[in-house]
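These notes are about the structure you will find just below.
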Amino acid sequence: MALQWHNHRKLTTLLLKCTTQLSMKQLLQIHAQLLTYAPLSLDPNRIAVKLIGVCGAHSKLRHAALVFSQLPNPNVFAWNAILKAYAQNNQWAHTLRYFNYQLSSPTAPDPDEYTFTSVLKACAGLVAVPHGLMIHSFIIKGGFESNLFVQNSLADMYFKFGCPVVARQLFDEMPVRDLVSWNTLVSGYCLVGDIDSAKWFFDQMVEKNLISWSAMVTGYARSGNLDAARQLFDDMPERNVVSWNAMIAGYAQNEKYSDAICLFREMQQVSGLGPNDVTLVSVLSACAHLGALDLGKWIDWFINRSGMELNLFLGNALADMYAKCGCIAEGRRVFDLMQERDVISWSIIISGLAMHGHAQEAFGFFYEMLECRVKPNEVTFMGLLSACTHAGMVDKGLKYFNLMSQEYGITPMVEHYGCVVDLLSRAGRLDEAEDLINSMPIKPNVIVWGALLGGCRIYKDIRRGERVVQRILELDSAHSGSYVYLANVYASMGRLDDAANCRLRMRDNGVMKTPGCSWIEVDNTVHEFFMGDRSHPQSEKIYLKIKELGLKMKLAGYKPNTDLVVHSIDEEEKEDVISTHSEKLAIAFGLISMSEGTTIRVVKNLRVCNDCHNATKIISRIVGREIVVRDRSRFHHFKDGRCSCNDYW
DNA sequence: CATCTCGGGG
């Protein structure tokens, strides 16, 4: 007993003196030891503060809560420790819950200025304005507003509330300012989009640190000025993971996915810094957009190898990457693996299943989600509606559309209307589609009208089409789809002069079609192809392959589709007979550069056209390989001459 | 008496 007591004292003394970061494993061992002799502890609060701090740093909040709950009389240090643990891990609602608990508990100590830094951070993160204002007055009453940390936290909170004027007044009235005060101002102005003020204060700063620079990089990136962001990034005297993350995220959020991936490689090769979870979230998002499955898989492997925890953000990004790269089964595997899931996790799987045409399973996940008491949001319903669209389930779609507002109080956005109009139009219920548009409480956009126009094209409703084109051109006089539609209608009626005229008008108005573009990842590099592209170094071989395929296809009974009216709004144009659609180039390149039997995965920026769809079906049979094409709206899995979409897309 | 605030994300 004496020996154990001695060991116990030694352990606690060591623990309290310990300044280096403890690993979670060490912590658990120490905690177990301490628990055994808990009644003998000299000062449980001092030990608990230390332990909770370690738990917080390792995001082990359940363990932190456990340690806290074992304290018979938590003092203000212990309360501050638990509040900080939650606040620094973005668990703001929990932070506020503990704070309320502290206020309402008669035995709990009164909060101090340390308490408020965490609580204000939580209010800021939640944008809980009433809470924040209440706590501000609480702080004034308690006389804590003279504390520099509290002042900085308050200024930060008001920026996050979108009140730069209040924040600025607080800053101006501060008798003493430190680097954090200035950084708060710079990042605050960046946050509210006042990049000029941010830059002005940034330039005023005599002393800057990594945070100042990184905040400015993020500010420029978020304002869309990637060149300025990159310039600052290059000018930084030193960089850490956060600086690299800021620039990588900047590229990813501005749709510069290849640049994001490039910089990610540079980070590892040049800086020697390892990526963290935030880095990987951005890179995974780039992979998802590009369909870069190999890199995505490598990141999955990297996460497992490094023992990185699959947190909510990372799990969502990984599941989304798999779903958007055509591996919905892998996406579900990741989803099952996750310890914590939110509405976004569920929505990712639901829209992933929808994209792959698995409507029933998507509905199943929705009901499971409800059983787990996760409240669906607008993104969830977009997934459900697109599941209905891709399966042609009109009435089911209308049911969900009504359910979202009636049952869940979610006001449909223009995107939801677009989805339902698309659903009705494809089914030929053009009257209902048009009525829905006319009854919209918000202004319909080009996408909504375009969906109806698509229906007019399929069902050859020329009168309605004319009307719709007019509405679209009022919104966007350079809407290429409308001109293409008109030209095609005229051509189909034999009015070739009108068709030609339409083309001329299109040219005169400077109408540019979005160039069709497809890409494929081979050996960890994304290769990009435009329509009729001959810029690829292997162009010669690619066109030879296409020629070879063309011969085999002819023998297999394939006839190119020459019906002009078939051309849809989102398709690449086929003005030039000899031009080749981009997905054919990408598929051909995949066939010549990837080993026998591997699945060819291609991503296309527009919708795949009828002709290419037919051609790809036959190619999949001829070469005996699976070809997966992700187009603008969904996945097509081509195999043995068939497509998973059953020709409905 | 030991604790705090500012930068990166699906």
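Both backbone and side-chain heavy atoms feed into the values below; hydrogens, waters and symmetry mates do not. Residue numbers begin at 1 in each chain, while the letters A, B, ... track the order of the sequences. All values reported here derive from a predicted model rather than from experimental measurement.
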Original post:
Can you list, by residue number, the residues of residues 129-157 of chain A that have a non-hydrogen atom closer than 4.0 angstrom to DNA chain B?
Top reply: A/Phe149, A/Asn152, A/Ser153, A/Asp156

Original post:
With A/Val343, which residues qualify under side chain to side chain contact (heavy atoms under 4.5 Å, CB included), at least two apart?
Top reply: A/Ser347, A/Met369, A/Val374, A/Asn377, A/Thr380

**OP:** Have a look at A/Ser118 and say if it touches a base, only the backbone sugar-phosphate, or nothing, with a 4.0 Å heavy-atom cut-off.
**Re:** nothing

Subject >> Side-chain donor-acceptor contact under 3.5 Å, A/Asn276 with A/Asn245 >> reply: yes

Original post:
By a strict heavy-atom criterion of less than 4.0 Å, which residues belonging to residues 164-184 of chain A are in contact with DNA chain B?
Top reply: A/Val180, A/Asn183, A/Thr184

Original post:
So what does A/Asp342 hit on the nucleic acid, given a heavy-atom distance under 4.0 Å: a base, only sugar-phosphate, or nothing?
Top reply: base

Subject >> Rounded distance in Å - OH (A/Tyr114) to P (B/dT3) >> reply: 7 Å

**OP:** Identify the heavy atoms of A/Gly274 and A/Val241 that sit nearest to each other, and give their distance.
**Re:** O-CG1, 3.9 Å

Subject >> Rounded distance (Å) that lies between atom C1' of B/dG8 and atom CE of A/Met236 >> reply: 11 Å

Original post:
Quick one: ring-ring contact (aromatic ring centres under 6.0 Å, His included) partners of A/Tyr98, sequence neighbours excluded?
Top reply: A/Phe68, A/Tyr86

Subject >> Closest nucleotide among B/dT3, B/dG8, B/dG7 to the A/Ser214 side chain >> reply: B/dG7

Original post:
Is any side-chain N or O of A/Lys84 closer than 4.0 Å to OP1 or OP2 of B/dT3?
Top reply: no

Original post:
Under 30°, 30 to 60°, or over 60°: which ring-plane class applies to A/Phe161 and A/Tyr158, parallel, tilted or perpendicular?
Top reply: perpendicular

Original post:
Over how many whole Å does the gap from A/Gln88 atom CD to B/dT3 atom P extend?
Top reply: 14 Å

Original post:
Given B/dG8, is OP1 or OP2 found less than 4.0 Å from the side-chain N or O atoms of A/Arg222?
Top reply: yes

**OP:** Under 4.0 Å between any heavy atoms, over every strand shown, what does A/Leu120 touch: base, sugar-phosphate, or nothing? Just pick one.
**Re:** nothing

Original post:
Does a salt bridge link A/Arg333 with A/Asp300, judged by any charged N lying under 4.0 Å from a carboxylate O?
Top reply: yes

Original post:
Who are the side chain to side chain contact (heavy atoms under 4.5 Å, CB included) partners of A/Val242, not counting sequence neighbours?
Top reply: A/Ser214, A/Asn240

**OP:** Describe the nucleic acid contact of A/Lys324 in one word from base, sugar-phosphate, nothing, applying a heavy-atom distance below 4.0 Å.
**Re:** nothing

**OP:** If the plane angle is over 60° it's perpendicular, under 30° parallel, otherwise tilted; pick one for A/Phe381 and A/Tyr408.
**Re:** tilted

**OP:** Using a 4.0 Å heavy-atom cut-off across all strands, classify A/Leu318 as base, sugar-phosphate, or nothing.
**Re:** nothing

**OP:** Rounded off to whole Å, could you give me the CH2-to-P distance for the A/Trp92 and B/dC4 pair?
**Re:** 19 Å

Original post:
What is the distance, rounded to the nearest whole Å, between atom NZ of A/Lys208 and atom C1' of B/dC6?
Top reply: 16 Å

Original post:
Which residue pairs pass the salt bridge (charged side-chain N to carboxylate O under 4.0 Å, His left out) test when at least one of the two sits in residues 151-167 of chain A, sequence neighbours left out?
Top reply: A/Asp156-A/Lys160

**OP:** Could you tell me whether the side chains of A/Tyr322 and A/Arg332 share a donor-acceptor contact shorter than 3.5 Å?
**Re:** no

Original post:
If you measure only the distance, is there a donor-acceptor pair under 3.5 Å linking the side chains of A/Asn183 and A/Asn152?
Top reply: no

**OP:** Identify, residue by residue, the members of residues 274-284 of chain A with a heavy atom below 4.0 Å from DNA chain B, and return them in order of residue number, or none.
**Re:** A/Asn276, A/Asp277, A/Val278, A/Val281, A/Ser282

**OP:** List for me each residue that meets side-chain hydrogen bond (donor to acceptor under 3.5 Å, both in side chains) alongside A/Arg630, sequence neighbours excluded, and say none if there are none.
**Re:** none

**OP:** Return the nearest nucleotide to the side chain of A/Phe77; candidates are B/dG8, B/dA2, B/dC6.
**Re:** B/dA2

Original post:
Between atom CG in A/Leu185 and atom C1' in B/dG7, what is the gap in whole Å?
Top reply: 14 Å

Original post:
Quick one: side chain to side chain contact (heavy atoms under 4.5 Å, CB included) partners of A/Arg373, sequence neighbours excluded?
Top reply: none

Original post:
Do you know the tightest heavy-atom contact between A/Gln88 and A/Ala85?
Top reply: CG-O, 3.5 Å

Subject >> A/Ala246 side-chain proximity, nearest of B/dG7, B/dT5, B/dG8 >> reply: B/dG8

Original post:
Which atoms form the tightest heavy-atom contact between A/Gln102 and A/Leu83, and what is the distance?
Top reply: OE1-CD1, 3.9 Å

Subject >> DNA chain B: 5'-proximal contact among A/Asn90 and A/Asp112 (nearest heavy atom) >> reply: A/Asp112

**OP:** Could you check which residues of residues 194-207 of chain A get a heavy atom under 4.0 Å from DNA chain B? Sort them by number, please.
**Re:** none

Original post:
If you check every side-chain atom of A/Val241, which of B/dA2, B/dG8, B/dG7 has the closest atom?
Top reply: B/dG8

Original post:
Taking DNA chain B as the partner, which of residues 247-257 of chain A come within under 4.0 angstrom of it by heavy atom?
Top reply: A/Ala249, A/Gln253

**OP:** Report yes or no: does A/Arg601 contribute a side-chain atom to a donor-acceptor pair with the main-chain N or O of A/Cys325 at less than 3.5 Å?
**Re:** yes

Subject >> Gap between atoms CG and P, on A/Asn311 and B/dG8 respectively (whole Å) >> reply: 16 Å

Original post:
Does A/Asp227 have any salt bridge (charged side-chain N to carboxylate O under 4.0 Å, His left out) partners at least two apart in sequence or in another chain, and if so, which?
Top reply: none

Subject >> Rounded distance (Å) that lies between atom C1' of B/dG8 and atom CE of A/Met267 >> reply: 10 Å

Original post:
What are the two closest heavy atoms between A/Cys123 and A/Met157, and how far apart are they?
Top reply: CB-SD, 3.8 Å

Subject >> Any A/Lys50 side-chain nitrogen or oxygen under 4.0 Å from OP1 or OP2 of B/dT3 >> reply: no

